[in-house]
Amino acid sequence: MNSERDFSDIITGLAKKRGFFWGPSPEIYGGSSGFYDLGPLGKLLKNRLENAIRTSFVRANFWEVECPTVSPEAVWKASGHLDGFIDPVTKCTKCEQIYRADNLIEEQSPGAQIAGKSVEELTEIIKELGIVCASCKSPLGPVDSYNLMMKTRLGLDQDAYLRPETATTTYLLFRRFLTFFRDKLPMSVFQIGKAYRNEISPRQGMLRLREFTQTEGQIFILEEDEQNWPQFEDIKDEELPLLSYPAQEKGKTEPVKMKMSEALKKGHFQKPAYAWCVFLAYSIFRNMGFSEEKMRLRQHLETERAHYAQDAWDIEVYTESFGWVECCGVHDRGNYDLTRHQEFSKEKMHVKVNQKPGVPNVLEIAFGVERPLFCLIDNAFQPESEERDTDWLRFPPAVAPIQVAVFPLMGKPELQEPAHLIFDEIVDAGFISQYDVGGSIGKRYRRQDEVGTPFCVTIDYTTIEDGTVTVRDRNSMEQIRISKDELIVVLRKLVKGTIQFESLVVR
RNA sequence: GCGGCCAUAGUCUAGUCUGGUUAUGAUCCGAGCCUUCCAAGCUCGUAACCCGGGUUCGAAUCCCGGUGGCCGCACCA
């Protein structure tokens, strides 16, 4: 446990020192837990992740939308968050220990009828059944509700809440989507935006935030299309590390590599369309730079599934800091949400299927961006060694915050002048680049290693003679010398990963 | 929210028990000299006692409250 804590401290220390993230924010006023600032490199990294997410969704024919983060109470009444997104809590009158009232009742009086009860009714039930404090056996205070949504107000007197998920705000647009997609289902949309949860006591730094960026993609789909999903063909031979719930019930913790077609045949997935969503989520995480060995797909046990979810799989990422971390949920939400909004808003949320109105189902991919952000730094971390005496980050080139650093070998004007020209050219080509002239060349390489920059271009006296520069590879610390005319093309291929640095090394 | 432990330069840290000079050291960072590819060297420099109150002639040090962190409980739909 100690080593885990130490490791997350190392990651946090490096992140703070080099400008990935700072907090809890606002630091100069002491900070509030659950809030973090992203520094310049953290923001760059987050942009890269969001771009990877965006590109992956767009390629899968999803369309991006953006909704307000604040919605009036009626929305959350309908979504179930106002009543369901609460914890009924009770406090011991003597030792002041706080309990989840429903859990405590269930514990001391199994089978008690507590589902859907109000706080007043729960208070009554506690009295009737003689439920007492679990630790000191004293009487309990009245049941209070604690809602995890942040409350605010519109104008003078309209109650409103900051969204605890982006999904609900997406569902509200259903009828607009029908028009945009010309009444043709399935319709695929996604949103990347802020969401808020008033956690009682957030811990584990960047992993549990009160304000975070959420990505949610939805497919509105007819039941018959869930079974008949042509795109499944494209991925049927892809192998995913699956940990199904029957396997977990047998005590297994190791995922099994399985072809998607086989997983479907074995009944791990009921619907090809849902299985395809699970694969899409997995491929998004691969595109964000996670290696396959550090990921697994874990199916929710029936008991941990939300009431609306018919099936749920999580993507978990292995970290040195915290072990397996839940990073993404893929849910089969059925038609729960649209039906609820139809009922509460009186707006029709259906389409005509075979002359009959039907409310479509929703398949959903949902994840916070900050978790993968932290996990990626954790996964990229490499400790100092004999050949390199700083800790460094081994980001995949495509997601590294800074892609190319440019150094004149020394600070002499005759080297700086061509170096600046090359730097400008690299920036113009669309790379995020940093020019650094401070300190010895070794020190500058070390600085870039520490923030995970995959390539460094150095301009030396040979550059002046023959127009060549050196490109230095972060992972191997090896160098190649190439003409500055082919520099941009080579850098593009290296960053994209279409060529490997080793193949350019002349031995 | 509760209990235990904790909070000193950007980062890591000594000092706190036993109150008393200019608050220790490392590293980082900046400027300069030197330097033709992996933390070189030399010179100079910036930078800290979490916040608020109390006790005291005097508080980084003792007391109270707050905020934040770690661990345990609870929570994480």
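Below, chains carry the letters A, B, ... as their sequence lines are ordered, and counting in each starts from 1. Please read all numbers here as calculations on a predicted model, not as lab measurements.
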Would you say B/C38 has OP1 or OP2 under 4.0 Å from some side-chain N or O of A/Arg474? no
If you compare every side-chain N and O of A/Lys443 against the phosphate oxygens of B/C29 (OP1, OP2), does one of them come in below 4.0 Å? yes
Figure out the [atom1]/[atom2] separation between [X] and [N], and round it to whole Å.
X: A/Asp9; N: B/C70; atom1: CG; atom2: P; result: 8 Å
X: A/Phe21; N: B/G69; atom1: CZ; atom2: C1'; result: 14 Å
X: A/Glu199; N: B/G69; atom1: CD; atom2: P; result: 13 Å
X: A/Lys412; N: B/U35; atom1: NZ; atom2: P; result: 6 Å
X: A/Met206; N: B/G69; atom1: CE; atom2: P; result: 14 Å
X: A/Leu14; N: B/U27; atom1: CG; atom2: P; result: 19 Å
X: A/Trp324; N: B/C76; atom1: CH2; atom2: C1'; result: 20 Å
X: A/Lys16; N: B/C29; atom1: NZ; atom2: P; result: 18 Å

Span that lies between the [atom1] atom of [M] and that of [N], in whole angstrom:
N: B/A60; M: B/C50; atom1: P; answer: 10 Å
N: B/C5; M: B/C37; atom1: C1'; answer: 49 Å
N: B/U8; M: B/C51; atom1: P; answer: 11 Å
N: B/U43; M: B/C34; atom1: P; answer: 16 Å
N: B/G15; M: B/G25; atom1: P; answer: 14 Å
N: B/U24; M: B/C12; atom1: C1'; answer: 13 Å
N: B/U11; M: B/C75; atom1: C1'; answer: 33 Å
N: B/G45; M: B/U55; atom1: C1'; answer: 40 Å

Within the 4.0 Å heavy-atom criterion, would you say [X] contacts the bases, only the backbone, or no part of the nucleic acid?
X: A/Gly13; result: nothing
X: A/Thr470; result: base
X: A/Arg388; result: nothing
X: A/Gln479; result: base
X: A/Arg447; result: sugar-phosphate
X: A/Thr458; result: base

[X]-[Y] aromatic ring centre distance below 6.0 Å:
X: A/Phe381; Y: A/Trp392; value: no
X: A/Phe212; Y: A/Tyr196; value: no
X: A/Phe7; Y: A/Phe322; value: no

So does [X] reach the base of [N] with its side chain, donor to acceptor, closer than 3.5 Å?
X: A/Tyr29; N: B/C51; result: no
X: A/Arg444; N: B/C37; result: no
X: A/Arg203; N: B/C70; result: no

Of A/Glu165 and A/Arg18, whose nearest nucleotide on RNA chain B comes first from the 5' end? A/Arg18
Result for 5'-nearest mapping on RNA chain B, choosing between A/Met410 and A/Lys17, is A/Lys17
So which nucleotide from [options] ends up closest to the side chain of [X]?
X: A/Tyr445; options: B/C76, B/U11, B/C38; answer: B/C38
X: A/Tyr461; options: B/G69, B/U36, B/C37; answer: B/U36
X: A/Leu409; options: B/C38, B/U36, B/G69; answer: B/U36
X: A/Ser33; options: B/C75, B/G69, B/C37; answer: B/G69

Measure the shortest side-chain to side-chain distance between A/Glu73 and A/Tyr161 over non-hydrogen atoms and say whether it is less than 4.5 angstrom. yes
Under 3.5 Å side-chain donor-acceptor pair for [X] and [Y]:
X: A/Lys484; Y: A/Thr468; answer: no
X: A/Glu364; Y: A/Tyr171; answer: yes
X: A/Thr69; Y: A/Arg163; answer: no

Would you indicate whether A/Glu66, at its atom CD, is surrounded by more than 12 heavy atoms from other residues, nucleotides or ligands within a distance under 6.0 Å? no
Distance col, row A/Met288:CE vs A/Cys327:SG, nearest 0.5 angstrom, shows 7.5 Å
Tell me, what's RNA chain B's dot-bracket, Watson-Crick or G-U with both distances under 3.5 Å, | for other-strand, [ ] crossing? (((((((..(((.......[....))).(((((.......)))))....(((((..]....))))))))))))....
Does A/Arg444 reach the main-chain N or O of A/Pro408 with its side chain, forming a donor-acceptor pair under 3.5 Å? yes
